[in-house]
Amino acid sequence: MAGGAFSVEKGGKEFRGKFTGYVLLSCILAASGGLMFGYDVGISGGVTSMDDFLGKFFPVVLAKKRRATATESSYCKYDNQGLQAFTSSLYIAGLVATFAASFVTRRFGRKPSMLTAGVFFLVGVVFNAAAMNLAMLIIGRIMLGCGVGFANQAVPLYLSEIAPTRFRGGLNILFQLNVTIGILFANLVNYGTQRIHPWGWRLSLGLAGIPASLLAVGSLLLCETANSLIERGHLERGKAVLKKIRGTDDVDEEFEEMVEVSRIAKEIKHPFRNIIKREHRPQLVIAISLQVFQQFTGINAIMFYAPVLFQTLGFKNDASLYSAVITGAVNVLSTVVSILSVDKFGRRALLLEAGFQMFIPQVLIAILLATGLHGGKQLSHPSAIIVVLMICLFVSGFAWSWGPLGWLIPSEIFPLEIRSAGQSITVCSNLFFTFVIAQSFLSMLCHFKYGIFLFFAGFVVIMTIFVYFLVPETKGIPIEEMVFVWRKHWLWKRFVPASDAKDVILEVAAKHPDPDEDQQFNGIKHQNGLPQSY
Ligand code: BGC
């Protein structure tokens, strides 16, 4: 998720505990939450390029598509606010639902939120697959959006709380991997259903019921997290759950730390007021900018509208969905590359390399379209193949950089007391800018024509410069020592307050990595009124 995992950190300490059946089940749950989100992202493009679907809900667009002659620009044949609303309504609903989800997740637990997500998804799927008119279609998308809001808030949190610490980072990107698998699955389904007339689109929308049911049933089977139980005062039940998921009775140390962390977290009465303080400006600016930039790479113009885009370029129905399947597969494989390399090469190296890798194809595509697609003319066969290759190059650059890192970096830079608020702001900004792209891309394509690719290329330059100057490397840095990163940075050091007791302790701790000295440092921490996790 696209949600990105965050957690109540345990000071980088590894407690005893196995990779139990429960943890495995939670991975399957992650798969269904991520798959569902990805499926929703990927399905709309193929469906909106099917004539049966357009004929039923958007006859004006179908007429325009068939009329697209030498006198009418091919760039404008899909420009329709209703058609864009079908895609974008999901994201605006998701954005609003995130606020309710954050309340339910905190007050009632992770499990009720995941169940709510599953139920919203199922209702949405029924409305969509059975839609008789545009209203049913949009209501269905809004229900799916509410599901996305609840799932993206609760599932990553659930995962990070249930996973043993050493698997937490991997699980974070694994969630994104499932999003990409969901998109690919949707593209494959569309490829098959477009041959089924006149109800293939119903099957496309209805098959989302598979990940939706998995999430709903899964959330009934799984137990609440120990963190959530402890946070809500059910200490004994929390301890019992911890023993069960860790597969050992030796959980006292982890349990005590959870109780302590929850006590401290409760002391922060106004995390949202806290987060706007000057000292948290670096994290806030980076988290929000990463979401704006992630969406302004133009990735979702391709993920949502690839089949429509390929048809605009002159591909036939079949060929355009086929190309969408290829880009979907490139997306999945390149995300695996990210999982394997992010802790080796670091975040900055991947983001900076991807800057070049995304800029060049966008400019080349603009040139090919400018010279080959005008006055209703279609692209020549060789140019069309180069365009698909360039889109694959662009997608792979995104998938090993801005895709996963747009979620990973915000999840690791916020200090404990504002981490939850930071995550909500991250999810909301992401969904907002996703909505902006979904609602405006087809109109932008109509007005900017090939220039749309130059528009996104311009943003890629700006975001690469932003990363170069303003995003410090966070690879291998324990979350509790992140303060040094800001302190050393040429700009951010002006915002982070001068050395205080907390830094002195961290500095001492950094010089004494010997575990035998832990006791001594815990003593120092307590004298300074600091939690164990510092
Ligand atoms: C983004 C989504 C996008 C997906 C593509 C995610 O990181 O947040 O908006 O559709 O990547 O793989």
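Not measured: the values here are computed from a predicted model. All residue numbers in this chain count up from 1 along the given sequence. Read the numbers this way: they start at 1 and go in the same order the structure lists the ligands and their atoms.
- Each of the atoms 10 (O) of ligand 1 lies under 4.0 Å from some heavy atom of V41.
- Looking at Q294, R348, R347 one by one, the single match for side chain to side chain contact (heavy atoms under 4.5 Å, CB included) with L405 turns out to be R347.
- Those atoms of ligand 1 that come under 4.0 Å of a heavy atom in I183, given as number and element, are 5 (C), 12 (O).
- Contact between G403 and ligand 1 is present, with at least one heavy atom of the residue lying under 4.0 Å from the ligand.
- With a 4.0 Å heavy-atom cut-off, ligand 1 is reached by the side chain of N430 but not by its N, CA, C or O.
- Using cut-offs of 30° and 60° for the angle between ring planes, the W486 and W492 rings count as perpendicular.
- When only interatomic distances are considered, the shortest N/O to N/O separation between Q176 and ligand 1 falls below 3.5 Å.
- Ring geometry for F185 against Y39 counts as tilted: the plane angle lies between 30° and 60°, on a 0 to 90° scale.
- In this pair, F293 and W402 present their aromatic rings perpendicular. The plane angle is above 60°, beyond the 30 to 60° band.
- Close contacts of ligand 1 with N331, meaning ligand atoms under 4.0 Å from a residue heavy atom, involve 5 (C), 12 (O).
- Below 30°, between 30° and 60°, or above 60°: for F53 and W201 the angle between ring planes is above 60°, a perpendicular geometry.
- The ligand atoms of ligand 1 that sit less than 4.0 angstrom from a heavy atom of T180 are 12 (O).
- The aromatic ring centres of F441 and F304 sit 6.0 Å or more apart.
- What you find for L393 and Q357 is that their closest heavy atoms are O-NE2, 2.9 Å.
- The closest approach between F304 and ligand 1 stays at or above 4.0 Å for every heavy atom of the residue.
- Neither the backbone nor the side chain of W402 comes within 4.0 Å of ligand 1, counting heavy atoms alone.
- Considering backbone and side-chain atoms together, Q294 places an N or O closer than 3.5 Å to an N or O of ligand 1.
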